[in-house]
Number of protein chains: 2
Amino acid sequence: MEAKITAILRKHQLSITEARKKILSLFWETGNALAHGDIEQKSSEDFDRVTIYRTLQTFVEKGIIHTIPTSDNSVRYALCKDECAAGHHHDDHVHFICDDCGTTYCIDEVSVPKVKLPKGFRAVQTDLVISGTCNKCEQ
Amino acid sequence: MEAKITAILRKHQLSITEARKKILSLFWETGNALAHGDIEQKSSEDFDRVTIYRTLQTFVEKGIIHTIPTSDNSVRYALCKDECAAGHHHDDHVHFICDDCGTTYCIDEVSVPKVKLPKGFRAVQTDLVISGTCNKCEQ
DNA sequence: TACAACAATGCAACTTTGTTGCAAAATATT
DNA sequence: AATATTTTGCAACAAAGTTGCATTGTTGTA
Ligand SMILES: [Mn+2]
Ligand SMILES: [Mn+2]
Ligand SMILES: [Zn+2]
Ligand SMILES: [Zn+2]
């Protein structure tokens with residue numbers, strides 16, 4: 001586990017620090033996406049708020065995590081696939097946000113469909129975000 | 001114009017006030033989506049910030065405007081189609097955010113494709129947000 | 001039109017969220 | 001181990017969002 005974490009950091013040419021290891025391991029443990037606030041709750045005793053902001057920003061830039069847009073002013077972050085690198089993300093999967101429990105899932109098995117845009121519009125990134133009830137909250 | 005605005009408010013059983021008329025007309029004039037900040041800039045001399053927050057919230061609840069998720073912690077709002085009502089939105093079109101000029105478009109002519117989710121996941125709302133270069137910024 | 005009932009607004013005070021500069025500490029490099 | 005580089009914490013700040021309440025504006029009715 002620890003080895004895996006440090007390997008990822010090293011691969012992206014980041015120095016290995018306590019904050020980065022802890023935040024990265026949080027993503028591995030939960031499996032799902034995390035908002036800044038989630039991370040702050042789970043590590044506020046260990047790190048300053050500012051460090052979390054900077055770490056998330058660094059991880060996004062390096063292609064370790066990707067962002068998930070939301071309609072409630074709280075961007076979520078989730079681990080990228082191996083192929084992602086600095087400046088080149090390849091996370092073309094659907095995201096699901098549960099209205100009940102708030103959990104945000106990367107639905108890796110469903111990829112975002114290509115859509116044809118009107119003349120003159122050039123797409124760089126496409127996000128498909130679905131909200132509703134997740135498989136745990138559906139009884 | 002003024003007549004159209006008041007008609008919309010009346011239709012949704014909202015009392016007709018200066019703030020609501022002004023904010024609603026801003027959406028009609030620009031045609032594109034607006035963030036809270038945009039509205040504040042264009043009307044801060046007329047209204048208090050709090051009024052803008054409350055007005056946008058009311059408009060969303062009544063089905064006059066809909067939200068557009070973003071990855072930069074600034075939700076955008078745009079006019080709904082006529083069929084939208086309180087609690088029931090029918091805005092199944094694609095949204096486009098220009099990385100150059102920041103303009104957010106409702107691409108009405110392109111509708112969001114249906115996607116099949118894993119067992120147990122029930123979709124209530126689907127948002128397809130594309131970012132890139134818009135037809136005005138593409139030279 | 002005038003009045004009463006109701007709803008919306010402004011203001012103040014506050015909380016939460018995000019940003020920046022800089023010195024201290026940690027990490028990497030030699 | 002010594003030095004160079006990077007990261008972190010802290011403080012101070014700015015921006016964004018929330019809440020309660022008195023005042024003002026709107027609506028329906030007499
Ligand atoms: Mn994802
Ligand atoms: Mn729209
Ligand atoms: Zn759930
Ligand atoms: Zn543009």
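Every chain is numbered from 1, with letters handed out A, B, ... down the list of sequences.
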A:S15 side chain N/O closer than 4.0 Å to the phosphate oxygens (OP1, OP2) of D:dT7? yes
How is A:D72 classified with respect to the nucleic acid when contacts are heavy atoms under 4.0 Å: base, sugar-phosphate, or nothing? nothing
Take the protein atom CD1 of B:I39 and the nucleotide atom P of D:dG17, then report the distance between them rounded to whole Å. 12 Å
Distance below 4.0 Å between B:T17 side-chain N/O and C:dA8 OP1 or OP2: no
Any side-chain N or O of B:N73 less than 4.0 Å from the OP1 or OP2 oxygen of D:dA16? no
Rounded to whole Å, the NZ-C1' distance (B:K21 to D:dG25) equals 12 Å
Let's see if you can work this out: which of D:dC10, C:dT27, D:dT27 has an atom nearest to the side-chain heavy atoms of A:E18? C:dT27
Can you tell me how far P of D:dT7 sits from NZ of A:K62, to the nearest Å? 9 Å
Which listed nucleotide (D:dG17, D:dG9, C:dT19) is nearest to the side chain of A:Y53? C:dT19
Which heavy atom of B:V115 sits nearest to which heavy atom of A:I130, and what is that distance? CG2-CD1, 3.3 Å
Which nucleotide sits closest to the side chain of B:R49: D:dT18, C:dT9, C:dT27? D:dT18
Please tell me which of the listed nucleotides, C:dG18, C:dT9, C:dC11, lies nearest to the side chain of A:H36? C:dG18
I'd like to know if B:R54 reaches the base of D:dG17 with its side chain, counting only an N/O donor and acceptor under 3.5 Å. no
N or O in side chain of B:R20 less than 4.0 angstrom from C:dA8 OP1/OP2: yes
Rounded to whole Å, how long is the line connecting atom CZ of B:R76 with atom P of D:dA16? 12 Å
Can the ring centres of B:Y105 and B:H95 be said to be less than 6.0 Å apart? no
Output the rounded distance in Å from CD1 (A:I52) to P (C:dT19). 14 Å
Length of the CG-P vector between A:L9 and D:dT6, whole Å: 16 Å
Aromatic ring proximity, centroids under 6.0 angstrom, B:Y77 and B:H66: no
Which listed nucleotide (D:dG9, D:dT7, D:dA16) is nearest to the side chain of A:L14? D:dT7
Steps toward side chain to side chain contact (heavy atoms under 4.5 Å, CB included) verdict (B:K136, B:C101): CA-CA 9 Å; B:K136 285 187 188 110; B:C101 63; 5.9 Å; no
To the nearest angstrom, the CG-C1' distance between A:D48 and C:dG18 comes to 12 Å
Between CD of A:E40 and P of D:dT8 the distance, given in whole Å, is 15 Å
Is the CD atom of A:E109 crowded by more than 12 outside heavy atoms at less than 6.0 Å? yes
Quick check: on DNA chain C, is the nucleotide nearest A:S74 upstream (toward 5') of the one nearest B:T55, or the reverse? Name the residue that is more 5'. B:T55
